[in-house]
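Written out below as structure tokens is the structure these notes cover.
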Amino acid sequence: MGSSMDSLMGRDKGGGGLKPTNRVTSFDVARRAGVSRSVVSAVLNGTPGIGVSAETREAVLEAIRELGYEVNAQARGMRTGVSHCIAVCGSTTNPLFLQALEGIQQACVKLGYHVLIYGEETKAAGGRGGLLNLYRQRRIDGILTLDSAGRDDEEWAEATREAAVPYLSIEGYPEQEAVPSVNVDYRASVLEAFDWMKSRGASLPDYLLFWSAPGEEEWAERERREAYLGAMKEFGGEPIVVTIREGDEAAIVRYWDDRLQRGGGMPALLVNWSTGLHGLLREADRRGLRAGRDFRLMALDNTLRINRQLLPSIACMEIPYAEMGRNAAERLIAMLTSRPGSRAEWPDPAAGERSGVKALFRAELFAGESV
DNA sequence: GCGGCTTCACATAATTTTAT
DNA sequence: ATAAAATTATGTGAAGCCGC
């Protein structure tokens, strides 16, 4: 029997129970189980403060099963102000993004959240501004972005602050304390690569720095280059940094000419981008040189997950994007749940900076045959 | 004074009804 | 005609009631 309140609301008039819609609601479950809607809610959510006996609980669950009831997320969100959905922004043509997404997805499933993919290339949607609208529309609870390493877009950061949207960047804002982010310790990755090469008896490496677009050197590249210079200094070697535009085969030919002319034992090469490997290996092959046999080669990122599929497999520092994604999602969701039901108060100035705004990830060594 | 439950109020935004 | 209030969808949770 419906309670008096529900009767007054006219929800069970007419005995036959004709409702405005034929969707199953918590009201139907409550009626079937002989309880109020609040109890149905409590059973579903384990609401503290509302006790439910074992029999009642079973009756409710039974009714839910029988009726095939599912919570109306729209209505729930109306009350709680929470959508249990986060937006992930990045370029879907970028394999790194997909790797990060893999981890994000895992974390979200585990924590009961959903992912809304916001392709960055859909400029039609108004760029990233559309993300903020999604938040205002209560469709999402927070935002993750995969940025190019070291990106520091103050305008966007300001916009997220203005909108008071929980936000976390993967790879962006490494030096911006105010913006929570997940970053990579690129310096450490270079040092670790050095250690590995050294442990295998390699000589001090040249640094081949590939780049694709003109403009200011990115933070990540600066970190790596400086780490290389620092390491060479430490080991008393002469640093040799060769910058090569991606796809510039002639520059690669020139490099090999120079390097072979220089002599001095087996060449050792440290490469910033895996994507630069192809040309390097192709030209080496033309000269009958094989990585691991005639020269040492190591990449500082494996961003396309290709290294281990090459022959010989190329040693590299693997950037753990999936794990970074997982961590990012976990931390963003922790932000959301740390202040229950108070999205209007985020972020409160005092909380502005608890520790752990940044998470530093270390690249993992992939010990390929090339060193 | 507590477990187990109900009641009541309220969340949103468009639409409809009632009051001025 | 215009403004104000109620109603609609449905779920949540603080407050309150009942019986032991």
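- A/Met78 has its CE atom 12 Å from the P atom of C/dT12, to the nearest Å.
- Atom CG of A/Leu67 is separated from atom P of C/dT10 by 14 Å (rounded to the nearest Å).
- By the salt bridge (Lys or Arg N to Asp or Glu O under 4.0 Å) test, A/Lys110 is found to be paired with A/Glu330, residues two or more places apart in sequence or in another chain being considered.
- Atom CD of A/Glu55 is separated from atom C1' of B/dC5 by 13 Å (rounded to the nearest Å).
- Atom CZ in A/Arg76 sits roughly 4 Å away from atom P in C/dT12 (whole-Å rounding).
- Between A/Val40 and the choices A/Val52, A/Val71, A/Asn45, A/Val29, the side chain to side chain contact (heavy atoms under 4.5 Å, CB included) rule is met once, by A/Val29.
- Scored by the salt bridge (Lys or Arg N to Asp or Glu O under 4.0 Å) test, A/Arg32 finds A/Glu66 as partners (sequence neighbours excluded).
- Between A/Thr56 and B/dG4 there is no side-chain N or O to OP1 or OP2 distance below 4.0 Å.
- Taking atom CZ of residue A/Arg138 and atom P of nucleotide B/dA13, one finds them 7 Å apart after rounding to whole Å.
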Dump the pairs, protein N or O against N or O of nucleotides 13-20 of chain C, anything under 3.5 Å, distances to one decimal.
residue, atom, partner, partner atom, Å
C/dG13, O6, A/Ser38, OG, 2.4

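- C/dG11 atom C1' lies 17 Å from atom CZ of A/Arg31, rounded to whole Å.
- Aromatic ring centres of A/Tyr173 and A/Trp219 lie farther apart than the 6.0 Å criterion allows.
- In this structure, CG of A/Asn72 is placed 17 Å from P of C/dT8, rounded to the nearest angstrom.
- Between A/Pro166 and A/Tyr135, the shortest heavy-atom distance links the atoms CD-OH, 3.8 Å.
- Side-chain N/O atoms of A/Tyr69 include one lying less than 4.0 angstrom from OP1 or OP2 on C/dG11.
- Distance from the side chain of A/Ser53 is smallest to B/dG4 among B/dA11, C/dT12, B/dG4.
- Heavy atoms of A/Val39 sit under 4.0 angstrom from at least one base atom.
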